[in-house]
Every structure is written in C-alpha cells, then in structure tokens.
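Have a look at the structure below, then the notes.
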Amino acid sequence: MISTSRRLEGIGEYYFSQKLREIDSLNKAGKSIINLGIGSPDLPPHPDVIKVLQEESVKPNVHAYQSYKGSPVLRNAMASWYAKWYGVKLDPESEILPLIGSKEGIMHICMTYLNEGDEALIPNPGYPTYSSAVKLAGGKPVSYEMEENLNWEPDLAALARLDLSRVKLMWVNYPHMPTGQIPSRSFFEKLVAFAREKNILVCHDNPYSFILNDSPLSLLSVPGAKDVVVELNSLSKSQNMAGWRVGMLAGAKERIDEIIRFKSNMDSGMFLPVQLAAAKALELGEDWYNSINAIYRKRRELVFDLLEMLNCSFDKNQVGMFVWAKIPNEYVDGYALSDKVLYEADVFITPGGIFGSAGNGYIRVSLCSPEEKLMEAINRVKKIVSRTAQINNL
C-alpha cells in the first residue's frame with residue numbers, strides 16, 4: 001500500500017469540487033439544479049481580447065516555452081493598469097510577476113516563505129485556500145476572527161497583543177470575499193503600520209476590486225507598503241477570463257526575485273497568445289467595467305429579492321460578485337438553509353461555514369447567473385416558502 005504524504009493530513013478536497021460532483025449526480029438523476037454557488041463569470045471577455053488570441057494563435061512562432069517572468073508586453077500592460085486604476089507605480093521589469101491564475105500565487109508565496117512550524121494569520125471568514133496552502137507548505141494557520149460589527153476587518157490592536165513571534169505571513173483580501181466589505185484607506189494604512197511593527201509580510205489578495213466598486217484600491221498604494229506587502233491580482237473576475245488562468249503578483253523586486261525561485265521550478269511560462277490577449281484586456285477603458293457592472297447590478301437586485309424571501313438580512317452596500325447574508329434564527333447554520341434550498345427547490349447557494357466558523361450563520365449567493373436563471377430560482381424558492389408557511393399555519 002502506497003500512502004499519501006503527511007503534508008496532505010488535514011487537507012480535504014476543496015468544498016466546491018465535492019459539491020459540483022453532487023450537483024452533477026442530482027442532475028443525472030433528473031434534477032435541474034440552478035447553481036448560485038461559485039463565482040465563475042458566465043459572461044465572455046471583450047471581443048477584442050478574443051480576436052487577439054485568435055490572431056496570435058495561428059502564428060507559427062508563438063508555441064514555444066516562454067520566459068519564466070512573462071512577456072514584456074504583458075508586464076508593461078500590468079504596470080500601466082496598476083498606474084491607471086490604482087495610482088501605483090510598478091517597475092514592469094522587476095516588480096511584477098505574471099501568474100497562471102492568482103490561485104497558484106497563494107501556493108508560491110507560502111512555499112517561498114514558510115518553514116515547518118512557521119505561522120500565518122488567516123482570515124475567518126475567508127478563502128479556504130489560504131489555510132490549505134499554509135498547511136501544504138508546512139506552516140501553521142492561525143485564524144483571526146472578523147465580525148460584522150467591526151466591518152469585517154481584523155482587530156489589529158487585539159492581534160498586536162498576541163505572541164506573533166512565529167508569524168511570517170498575514171493573508172488579507174479586500175474587497176473581502178465572502179462578505180463584500182470595501183476596504184477603507186485608513187484601515188490599509190493601519191495594516192501596513194502593523195506589518196512593519198511586527199515584521200510580517202502581508203499578502204493581499206485583490207481580485208474583486210472592480211466588481212460593483214466605484215473606487216478600486218490597492219494595498220500597495222499606501223506609502224511604504226512595498227516593504228511589507230505583496231499583492232495578488234487577477235483577470236478572472238474583472239475581465240471575465242477565469243478559465244484563461246491569468247493573474248499577477250506585484251511587490252518589491254526582492255519579493256519577486258524570491259518567489260520566482262520557487263515558481264520557475266513549477267512551470268515553464270504561459271502560452272504567449274494568452275499573454276498578449278491578456279495585455280489587450282488590461283487596456284480596456286471605463287466603458288468595459290461600466291458595462292459588466294450594469295449587468296451585475298441588475299442581477300444583485302434579484303438576489304436581494306431571493307434573500308428577502310428567505311428572511312435573510314444583508315448589507316446592500318457590499319461589492320464583488322456575491323451577496324453575503326445572515327440567515328434567520330430558525331436555521332441552525334448556513335448549511336441547514338443551503339441544504340433545504342438545494343433539496344427542496346433545486347437551487348444551490350453556498351453555506352457561509354465553508355469560509356470558517358465565523359461564517360456559520362451566513363450564506364453566500366453568486367451573481368454569476370443570467371437574470372432568467374435568477375428569476376427561475378426565485379420562483380422555485382417562492383414555492384418552498386409558501387409550502388413552509390402553509391405547514392406552519394396548520
């Protein structure tokens with residue numbers, strides 16, 4: 001019997017990987033599940049982006065291995081994008097590293113900096129991959145709980161009183177997923193000061209800053225942030241290119257040099273036509289972001305209606321491609337409400353508990369479905385709400 005490595009102990013299959021299999025089984029059994037769980041954009045990239053991919057792919061000289069640092073065309077486009085939208089100046093030669101999706105960057109960072117027993121601060125609620133990547137790298141995840149009454153921000157003063165001597169990394173993510181909380185500049189300034197005082201590298205995961213958000217903000221815009229911050233970003237959400245797997249890491253030259261030592265042993269670069277198409281996507285103007293946000297805005301109103309029907313409460317000012325909502329008291333947790341809606345209404349919504357214990361009393365609904373699907377979901381949920389009301393009145 002060949003056993004798995006110890007590093008996989010405590011690492012389960014990703015929740016959505018399991019759930020999609022269950023949904024597939026239900027569909028094969030005759031159901032027609034409406035999946036409102038995953039934030040995978042259902043809209044296409046801009047036509048000009050696809051045109052570049054098509055035109056470049058037929059050229060005979062683009063199919064070789066590429067530079068481990070990425071095409072200069074893409075790195076320049078990423079630097080220009082950061083300068084235009086975030087007001088952050090980056091050297092495209094030394095302060096940007098294109099990634100095959102920003103998710104791989106999470107693993108690269110953990111493998112680059114964590115030794116066995118080193119600790120990393122992980123948001124609760126937060127993206128489950130942060131914790132998994134820390135464990136796989138041999139580190140120890142240390143959860144910091146966030147609360148709605150603190151605007152879903154970490155209590156930095158309380159953290160500062162803890163023994164942080166073994167903490168090397170701190171994962172943060174704003175606009176926050178799953179809660180949709182928008183960051184304030186003052187919080188970002190406090191976060192940079194905290195990291196400097198405690199000698200911690202802050203890893204900011206920033207893929208949602210353009211979705212339903214009028215003021216995109218980078219943590220690197222805080223003066224001196226490059227000393228203690230690296231930032232991940234992505235074209236998956238803002239450019240509708242999730243399946244293309246194009247992301248980026250931005251930070252000081254020293255950090256990029258350190259991380260590429262690991263990454264260069266993991267892959268041999270990204271397909272050049274994809275890089276050139278991504279560069280085109282980053283050149284898109286305000287009209288592009290306005291157009292996709294107009295669609296998400298209409299969808300969000302329908303999701304609000306769905307959640308009100310389920311007697312959930314939520315903040316209408318949250319941003320990103322999900323709506324985070326508190327469940328009514330009659331459900332023990334978000335899993336219970338999610339299961340009820342799945343098995344009785346054939347609609348899947350995400351239980352908040354998959355993002356950590358602080359999410360147990362919540363659910364998350366994706367905006368990545370067309371309006372007609374959301375309307376159908378509303379109609380299905382309306383029926384089970386009506387049935388429940390009739391039973392309660394008997």
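Here the structure is a predicted model, which means the values were calculated and not measured.
- Atom CZ of F314 is separated from atom CD1 of I363 by 10.0 Å, given to the nearest 0.5 angstrom.
- For the residue pair L284 and W85, the shortest heavy atom distance occurs at O-CZ2, 4.2 Å.
- By the neighbour-count criterion of 12 heavy atoms within 6.0 Å, atom CE of M375 is sparsely surrounded, having that number or fewer from other residues, nucleotides or ligands.
- Interatomic distance, OG of S80 versus CZ of R75, reported as 12.5 Å (0.5 Å rounding).
- Residues L162 and V167 have side chains not in contact (no heavy-atom distance under 4.5 Å, counting atoms from C-beta outward).
- Remark: the backbone N or O of A336 is paired with a side-chain donor or acceptor of D333 at under 3.5 angstrom.
- Considering only heavy atoms from C-beta on, V303 stays 4.5 Å or farther from F322 through its side chain.
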Worksheet item: Which is it for E153 and Y174 under the side-chain hydrogen bond (donor to acceptor under 3.5 Å, both in side chains) test, yes or no, and what are the steps along the way?
Response: CA-CA 9 Å; E153 295 176 356; Y174 289 94; 5.9 Å; no
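- Expressed to the nearest 0.5 Å, how far CG of D267 lies from CD1 of I100 amounts to 4.0 Å.
- The shortest distance between side-chain heavy atoms of P125 and H176 falls below 4.5 Å.
- The closest donor-acceptor contact from the side chain of K59 to the backbone of P273 lies at 3.5 Å or more, if one exists at all.
- In terms of modelled atom types and a separation under 3.5 Å, the side chain of R364 and the main chain of T350 share no donor-acceptor contact.
- The 12-atom threshold is exceeded at CG of N27, counting heavy atoms of other residues, nucleotides or ligands nearer than 6.0 Å.
- Across every non-hydrogen atom of P41 and K237, the tightest pair is CG-CA, 4.2 Å.
- Side chain of R380 to main chain of D346: a donor-acceptor pair is present (N/O by atom type, distance under 3.5 Å, no hydrogens or angles).
- Under the 4.0 Å criterion applied to side-chain N and carboxylate O atoms, K89 and E95 are not assigned as salt-bridge partners.
- Looking at heavy atoms from C-beta onward, R255 lies in side-chain contact with Y113 at the 4.5 angstrom threshold.
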Discussion item. Run the side-chain contact (heavy atoms from CB on, under 4.5 Å) test on Y208 and N213 for me, step by step, so that the C-alpha distance in whole Å, both residues' side-chain angles and the decisive distance to 0.1 Å come before the verdict.
Written reply: CA-CA 8 Å; Y208 295 101; N213 181 22; over 6 Å; no
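- Looking only at distances, no side-chain donor or acceptor of H46 sits under 3.5 Å from a matching main-chain atom of K280.
- Between K226 and D91 there is no salt bridge, since no side-chain nitrogen of the basic residue lies less than 4.0 Å from a carboxylate oxygen of the acidic one.
- In this structure, the separation between CG on N290 and CD1 on I295 is 11.5 Å, given to the nearest 0.5 Å.
- The closest side-chain heavy-atom distance from C110 to L136 is not below 4.5 Å.
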Item to complete: Assess whether side-chain hydrogen bond (donor to acceptor under 3.5 Å, both in side chains) is satisfied between S357 and N124, documenting all intermediate values.
Response: CA-CA 7 Å; S357 59; N124 177 15; 2.9 Å; yes
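- When each of L201, L191, L164 is tested with M170 by the rule side chain to side chain contact (heavy atoms under 4.5 Å, CB included), just one qualifies, namely L191.
- Using a 4.5 Å heavy-atom threshold, the side chains of M111 and K263 count as separate.
- For the pair V62/L276, no side-chain contact is recorded, criterion being any heavy-atom separation below 4.5 Å from C-beta on.
- Under a 4.0 Å N-O distance rule, the pair R297/E301 does not qualify as a salt bridge.
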Item to complete: Test L99 against L232 for side-chain contact (heavy atoms from CB on, under 4.5 Å), laying out the working first.
Response: CA-CA 9 Å; L99 302 171; L232 293 167; 3.5 Å; yes
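- A salt bridge between D257 and R261 is absent, with no side-chain N of the basic residue lying under 4.0 Å from a carboxylate O of the acidic one.
- Under the 4.5 Å side-chain heavy-atom criterion for ILVMFWY residues, a single connected hydrophobic cluster contains both V246 and I50.
- A side-chain donor-acceptor contact under 3.5 Å links R196 to the backbone of G224.
- F210 and Y289 have parallel rings, their planes meeting at less than 30° on a 0 to 90° scale where 60° marks the start of perpendicular.
- In this structure, R166 places its CZ atom where only 12 or fewer heavy-atom neighbours from other residues, nucleotides or ligands lie under 6.0 Å away.
- Judged by distance alone, with hydrogens and angles left aside, the side-chain atoms of W288 form no donor-acceptor pair with the main-chain N or O of Q239 at under 3.5 Å.
- With F348 as the partner, the side chain to side chain contact (heavy atoms under 4.5 Å, CB included) test is satisfied by one option alone out of V365, I23, I34: I23.
- R7 contributes no side-chain N or O that, together with a main-chain N or O of G138, makes up a donor-acceptor pair within less than 3.5 Å.
- A salt bridge does not link R245 with E104: every distance from a Lys NZ or Arg NE/NH1/NH2 to an Asp or Glu carboxylate oxygen is 4.0 Å or more.
- In this structure, the side chains of Y331 and C312 stay at 4.5 Å or more apart for every pair of heavy atoms.
- Counting heavy-atom neighbours within 6.0 Å of K198 NZ, excluding the residue itself, gives a total above 12.
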Worksheet item: Stepwise, does the side-chain contact (heavy atoms from CB on, under 4.5 Å) test hold for F194 with L159?
Response: CA-CA 9 Å; F194 170 81; L159 280 176; 4.0 Å; yes
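- Distance check: S218 OG to N206 CG gives 6.0 Å after rounding to the nearest 0.5 Å.
- Considering W171, Y130, F188, F187 as possible partners of H204, the one that fulfils the ring pair (Phe, Tyr, Trp, His ring centres under 6.0 Å) test is F188.
- Using cut-offs of 30° and 60° on the angle between ring planes, the pair W324 and Y362 is parallel.
- Judged by distance alone, the side chain of Q275 and the main-chain N or O of M270 form a donor-acceptor pair under 3.5 Å.
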Worksheet item: Stepwise, does the side-chain contact (heavy atoms from CB on, under 4.5 Å) test hold for I378 with L302?
Response: CA-CA 8 Å; I378 288 172; L302 292 173; 4.2 Å; yes
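- Relative ring orientation between Y86 and W81 is described as perpendicular, the plane-to-plane angle rising above 60° on a 0-90° scale split at 30° and 60°.
- Other residues, nucleotides and ligands contribute at most 12 non-hydrogen atoms within 6.0 Å of the CG atom of N329.
- A distance of 11.0 Å separates CD of E22 from CG of D24, quoted to the nearest 0.5 Å.
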Worksheet entry | Worked check of side-chain hydrogen bond (donor to acceptor under 3.5 Å, both in side chains) between R185 and S221 | CA-CA 9 Å; R185 185 162 187 85; S221 66; 2.9 Å; yes
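- Open room surrounds NZ on K373; 12 or fewer heavy atoms of other groups in view lie less than 6.0 Å from it.
- Within a 6.0 Å radius of CD in E286, no more than 12 heavy atoms belonging to other residues, nucleotides or ligands are found.
- Checked by atom type and distance alone, the side chain of S338 never pairs as donor or acceptor with a backbone atom of G334 at under 3.5 Å.
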